[in-house]
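A short worksheet on the structure shown next.
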Amino acid sequence: MNYKLIFRIIGMIMLIEAIFMLVPTIICYADDDIVAGNSFAVTALGLILIGAVAVFLTQKRKTDFYAHEGFAVTSLSWIIMSVAGALPFTLSGEIPSFIDALFETISGFTTTGATILTDVEVLPRGLLYWRSFTNWLGGMGVLVFLLSLIPAVSKSNGSNMYIMSAESSGPSVGKLTPKLKDTLTITYGLYIAMTILCFIVLVIGKMPVFDAVCAALSTAGTGGFAIKNDSFASCSPFLQNTITVFMLLFSVSFNIYGLMVFRRFKEAVKDEEFRIFWIVVVSAIILISVDTRGLFSSWEETIRHSAFQVGTVMSTTGFASYNFDTWPSFSKGILFILMFFGGCAGSTAGGLKMSRAIIIIKNLFREISKILHPHKVKVVKISNKPVSEQVISTTMAYLAAYCALMIISFIIISLDGYSIATNISGVVACFNNIGPGFEAVGPVCNFSGFSNASKIVFSIDMLLGRLEIFPIIMLFNKDAWSRKL
């Protein structure tokens with residue numbers, strides 16, 4: 001295990017987080033909120049001091065870096081980043097309980113959008129901005145951001161690939177260009193450009209500038225931290241439709257947008273995951289619209305709210321334009337199923353990912369075919385390209401861990417005495433980084449009523465879901481920390 005290089009990267013992450021705290025610090029001081037401003041300033045100074053020492057002490061280091069180190073540095077960075085990001089909430093007194101503050105911050109960085117706040121509108125603007133910014137930074141990944149900005153953390157380009165694999169979503173990671181750093185730069189460039197475009201359209205729709213900044217950041221990261229208690233229910237139809245469109249756009253793999261940049265349009269359109277994603281989205285909107293037609297005054301309103309809720313669940317954003325917990329069971333059932341699918345691999349959306357769902361279903365049919373025709377060789381393909389047996393094996397292992405961890409979480413959460421629907425949807429919503437669930441954790445409720453033990457479990461679930469299980473599990477594997485590995 002290359003401890004020095006791990007500590008160096010973590011030190012850099014601390015310095016980056018400290019720099020990002022500059023904006024909310026300025027906002028707080030501009031609003032004459034000295035207490036909140038000081039909470040950010042003190043936290044940032046602490047991060048700078050510790051980060052600078054870590055970077056300075058690890059100047060001489062080995063450059064060897066492998067997969068287990070990529071998992072370790074990714075998990076540790078996210079945990080440390082969340083702990084530090086929670087401090088301004090507690091130091092300012094806005095969220096006195098550190099467990100609650102940590103839950104809120106992990107929810108932000110993992111782009112879950114679940115909250116313990118009963119009245120978000122009383123928060124200072126600096127903290128509201130910080131909540132939304134954690135969504136944005138966590139959407140693409142802070143380590144991916146680090147790798148796209150600075151030279152390789154080691155002399156081996158493979159090390160960067162290990163880090164990206166540990167932090168990025170999906171069963172496998174692809175590159176748009178031969179050089180990984182160029183791929184990361186293009187991807188983050190597109191992410192920033194689309195965020196700015198979302199902000200501009202929201203401002204055109206007459207949303208206040210500060211509100212538009214926060215909404216654009218949360219939408220881009222598919223995080224779901226709204227700055228209004230009713231989320232987007234009171235917004236105009238234009239703004240609701242804008243958010244719907246951008247939530248779905250950010251649910252698409254950024255590799256697709258990269259292909260479009262390079263004018264490889266046919267290749268982008270032929271992508272099987274891309275096509276199936278939109279088929280599922282459109283089908284769900286139609287089915288829910290028909291089922292909920294009697295709740296609204298017109299088809300326009302029906303389709304608008306149906307599309308918004310399908311978009312917010314498929315993208316795992318967690319916004320709300322309507323209390324979908326009051327919808328018929330059929331519509332709620334569809335939304336619950338969509339919670340598992342999530343968006344496309346390589347997007348900012350959470351969930352199982354559409355590509356994994358495709359692999360699991362196709363592998364199921366292949367296994368059935370093997371039973372009927374033992375000697376027949378059948379290869380699982382996506383977009384007419386064979387999927388390696390290693391990817392299939394990893395996907396099935398992921399599915400097993402995914403189900404087991406959610407069952408364990410459900411059992412622990414059930415000790416709090418809430419209904420089965422609340423407990424199941426709460427675990428699914430946190431593990432898949434959705435945000436709201438049903439009943440006591442529905443779109444007009446929150447997670448504040450749960451015990452500290454349950455909040456810790458939910459927080460772990462959010463990290464497991466965002467980092468896709470294996471990086472977190474590796475932290476508890478003693479072999480992964482062996483110097484001889």
Side-chain angles (χ1 to χ4, degrees), residues 100 103-104 106-108 110-118 120 135 218 222-226 229-233 247 251 284 288 291-292 305-306 308-343 349-352 402-403 405-466:
D100 284 350
F103 178 97
E104 195 77 10
I106 290 177
S107 179
T110 59
T111 72
T112 304
T115 183
I116 51 83
L117 296 171
T118 56
V120 69
N135 282 170
S218 292
T222 62
F225 270 158
N229 291 328
D230 67 354
S231 192
F232 284 84
M247 285 191 297
S251 303
I288 292 176
D291 189 46
T292 60
H305 288 298
S306 298
F308 191 101
Q309 299 314 141
V310 168
T312 198
V313 171
M314 281 292 286
S315 67
T316 70
T317 302
F319 289 144
S321 66
Y322 195 89
N323 183 8
F324 58 78
D325 203 24
T326 62
W327 284 1
S329 296
F330 178 74
S331 294
K332 289 196 292 184
I334 292 175
L335 291 178
F336 184 70
I337 292 171
L338 295 181
M339 286 182 179
F340 290 92
F341 283 100
L352 190 64
Y402 177 87
C403 294
L405 289 167
M406 281 205 288
I407 290 171
I408 293 171
S409 298
F410 168 73
I411 293 172
I412 298 174
I413 297 301
S414 297
L415 294 173
D416 277 4
Y418 285 93
S419 69
I420 291 179
T422 294
N423 295 333
I424 291 177
S425 64
V427 170
V428 171
C430 285
F431 209 107
N432 291 309
N433 306 131
I434 305 291
F438 297 105
E439 294 191 359
V441 291
V444 296
C445 303
N446 55 68
F447 289 74
S448 62
F450 284 91
S451 65
N452 284 340
S454 292
K455 289 172 185 173
I456 291 172
V457 171
F458 282 132
S459 297
I460 294 172
D461 285 344
M462 289 187 279
L463 284 170
L464 285 166
R466 174 58 183 85

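Heavy atoms only: backbone and side chains are in, while hydrogens, waters and symmetry mates are out.
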Contacts of type ring pair (Phe, Tyr, Trp, His ring centres under 6.0 Å), residue [X], not counting sequence neighbours:
X      : result
Phe431 : Tyr402
Phe319 : Phe232
Phe324 : Phe438
Phe410 : none

Looking only at heavy atoms, what is the nearest atom pair of [X] and [Y], with distance?
X      : Y      : answer
Glu104 : Ala114 : OE1-O, 4.3 Å
Asn323 : Val444 : ND2-CG2, 3.8 Å
Ala320 : Pro443 : CB-CB, 3.9 Å
Thr316 : Gly342 : CG2-CA, 4.0 Å
Asn432 : Leu352 : OD1-N, 3.9 Å
Cys445 : Ala440 : CB-O, 3.1 Å

Phe447 ring center near Phe103 ring center (under 6.0 Å):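 Ring-ring flag for Phe447/Phe103: true, centres closer than 6.0 Å.
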
Pairs touching residues 440-461 that satisfy side chain to side chain donor-acceptor pair (under 3.5 Å), sequence neighbours left out: Asp100-Lys455, Ser409-Asp461, Asp416-Ser451, Asp416-Ser454, Asn446-Ser448, Ser451-Ser454

side-chain contact (heavy atoms from CB on, under 4.5 Å) between Thr115 and Val120, worked out: CA-CA 9 Å; Thr115 183; Val120 69; over 6 Å; no

Test item: [X] side-chain N/O and [Y] main-chain N/O as donor-acceptor pair under 3.5 Å:
X      : Y      : answer
Asn135 : Thr111 : no
Ser315 : Gly311 : yes
Ser107 : Gly113 : yes

Thr112/Ile434 under side-chain contact (heavy atoms from CB on, under 4.5 Å): CA gap, chis, key distance, verdict: CA-CA 5 Å; Thr112 304; Ile434 305 291; 6.0 Å; no

Salt bridge (charged side-chain N to carboxylate O under 4.0 Å, His left out) contacts touching residues 309-331 (sequence neighbours left out): Asp325-Lys332

Trace of the side chain to side chain donor-acceptor pair (under 3.5 Å) decision for Glu439 with Ser425: CA-CA 9 Å; Glu439 294 191 359; Ser425 64; over 6 Å; no

Aromatic ring pairing Tyr322/His305, orientation class (parallel under 30°, perpendicular over 60°, tilted between):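 Ring orientation of Tyr322 relative to His305: tilted.
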
